[in-house]
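This report refers to the structure that appears directly beneath it.
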Amino acid sequence: MTLTIKPIDPVSRPLFAGVVSGIDITKPLTASEAQQIERGMDEFGVLVFHGQAFTDETQMAFSRNFGELELATNNLRDGRDRLGAHIADISNLDQNNNVLARDNRRRLFSLGTRLWHSDSSFKVVPAKYSLLSARIIPDAGGNTEFASMKLAYDELDEETKAECENLVCEHSQLFSRALIGFGDFTDAERKAFAPVKQLLVRRHPSTGRKSLYLASHAGTIVGWPIPEARAFLRDLTEHATQRKFVYSHKWTVNDLVVWDNQQTMHRSRPFDATQVRDMHRTTVAGLRSTMAEAA
Ligand code: OGA
Ligand code: MN
């Protein structure tokens, strides 16, 4: 078997989203295989692997080829987690594997993934890669969409590029949840979700390429009036999520999709909420805050 990476859509998006074949990533990788995958990630931003029957253990082992794993704090934790500390539960199931009720608090919070975002941009050191494994999928819907913030940056006009340069945003899950009208946070959650600063234009740590670091978690631009900042970020997001920059992934069971949060945004799409959708995510932590780039 030879590891091969091809653009999923060579005509519309030759430089964004690849499909990898010729490798079983549920087994330990050689150093050279891990390097080839990392180079593919740098180039494509999103890689799709089909037919990878992961357990949580083999998924964690594969993920650790690319760095340290983040603790899974993406969802509200109610002390009865279904999955281990390094597996983010991207499902609509409770700890007994029953589908969450429509008004379940964790379900409503997790609907925030329907907004364009980059994982953990609200952490001081945000995520490098997210790796999402499809264990059970609904009959229809539930795609995940990805947008290239590198291509979106490249296509900004020069005035807008200049305006974005050196701007600092504050990111918090309080901002993204406010957008969908979820606001019943405890004092402890409000404290845990205190905003963190990130550059609006970031440089990729491996390729040096610039990209827009947008996310619905971004709620302010330091030094700007809030309505002006929100309007500007909304315009940028509209530009950056034009269809030409977007790959929509239709899931098959045992797909693993890996995305580089340092150069993409993503969002989930709706599905019949009475059906089970069980996805397990590992997250590789980045090495430093984007604010360290400015230094
Ligand atoms: C995530 C996420 C989208 C989806 O796992 O970080 O945003 O389609 N998932 O489940
Ligand atoms: Mn996400």
Side-chain angles (χ1 to χ4, degrees), residues 17 41 45-49 54 56 59-60 62-63 66 69-77 81-84 86-93 99-100 104 106-123 126-149 171-173 175-177 179-180 182 193 198 213-218 237 240-241 246-273 275-286:
M41 285 299 296
V46 178
L47 290 179
V48 173
F49 302 79
F54 278 112
D56 288 350
Q59 183 177 342
M60 289 191 287
F62 173 70
S63 306
F66 310 106
L69 300 189
E70 270 190 8
L71 281 174
T73 54
N74 64 313
N75 279 321
L76 295 183
R77 295 254 144 186
D81 298 326
R82 212 169 56 94
L83 309 174
H86 292 102
I87 303 281
D89 190 353
I90 313 296
S91 77
N92 57 349
L93 299 174
V99 171
L100 296 173
N104 176 276
R106 191 169 75 79
R107 169 176 185 272
L108 298 179
F109 181 84
S110 72
L111 286 175
T113 66
R114 292 262 288 274
L115 307 175
W116 287 106
H117 65 283
S118 177
D119 289 333
S120 302
S121 70
F122 48 82
K123 293 186 182 175
K128 179 184 174 183
Y129 298 165
S130 294
L131 305 93
L132 192 59
S133 162
R135 308 295 174 88
I136 303 172
I137 57 171
D139 295 337
N143 280 16
T144 307
E145 296 187 339
F146 300 91
S148 170
M149 295 301 102
H171 294 237
S172 167
Q173 286 181 297
F175 296 139
S176 49
R177 269 52 193 187
L179 292 171
I180 56 165
F182 183 103
F193 296 156
Q198 303 289 357
Y213 196 29
L214 289 170
S216 54
H217 307 307
T237 303
T241 56
V246 171
Y247 163 64
S248 182
H249 185 69
K250 183 174 167 28
W251 292 93
T252 304
V253 169
N254 289 336
D255 281 351
L256 183 85
V257 178
V258 186
W259 62 89
D260 183 355
N261 289 293
Q262 305 165 131
Q263 53 166 321
T264 61
M265 281 205 289
H266 62 282
R267 66 171 179 177
S268 61
R269 304 306 294 143
F271 59 96
D272 175 352
Q275 293 192 12
V276 176
R277 184 175 188 262
D278 188 10
M279 322 282 279
H280 292 201
R281 192 187 90 201
T282 37
T283 316
V284 175

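We count ligands from 1, going down the list as the structure has it; atoms in each ligand are counted the same way. Residue indices begin at 1 and follow the sequence shown.
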Could you tell me whether Arg281 and ligand 1 have an N or O pair separated by under 3.5 Å?
-> yes
Can you check whether Trp251 has an N/O within less than 3.5 Å of an N/O in ligand 1?
-> no
Stepwise, does the ring-ring contact (aromatic ring centres under 6.0 Å, His included) test hold for Tyr213 with His171?
-> CA-CA 11 Å; Tyr213 196 29; His171 294 237; 5.6 Å; yes
The N/O/S atom of Asp119 lying closest to the Mn ion (ligand 2) is OD1
Distance filter under 4.0 Å to His117 heavy atoms, resulting ligand 1 atoms | 7 (O)
In terms of side-chain heavy atoms, does Ser176 have a donor or acceptor partner in His217 at a distance below 3.5 Å?
-> yes
Sub-3.5 Å donor-acceptor pair from the side chain of Asn92 to the main-chain atoms of Arg277, do we have one?
-> yes
Relative to the heavy atoms of Asp119, which atoms of ligand 1 are at a distance of less than 4.0 Å?
-> 6 (O)
Hey, which atoms in ligand 1 end up nearer than 4.0 Å to a heavy atom of His266?
-> 1 (C), 2 (C), 6 (O), 7 (O)
Going by distance alone, is a donor N or O of one side chain under 3.5 Å from an acceptor N or O of the other, for Ser121 and Gln198?
-> no
Arg269, portion touching ligand 1 at heavy-atom distance under 4.0 Å = neither
Does the side chain of His86 pick up a donor-acceptor pair with the side chain of Asp56 at under 3.5 Å?
-> no
Thr144 neighbourhood, listing ligand 1 atoms whose heavy-atom distance to it stays under 4.0 Å | 3 (C), 4 (C), 8 (O)
Please confirm whether Thr113 comes within less than 3.5 Å of ligand 1 when only nitrogen or oxygen atoms on both sides are compared.
-> no
Taking atom types as modelled and ignoring hydrogens, do the side chains of Trp116 and Thr237 form a donor-acceptor contact shorter than 3.5 angstrom?
-> no
Starting from the Mn ion (ligand 2), look over the N/O/S atoms of His117 and name the nearest one.
-> NE2
Of the backbone atoms (N, CA, C, O) and the side-chain heavy atoms from C-beta on, which set of Trp259 has a member under 4.0 Å from an atom of ligand 1: side chain, backbone, both, or neither?
-> side chain
Are His280 and Arg135 linked by a side-chain donor-acceptor pair shorter than 3.5 Å?
-> yes
In Å, rounded to the nearest 0.5 Å, how long is the span from OG of Ser120 to CG of Leu71?
-> 10.5 Å
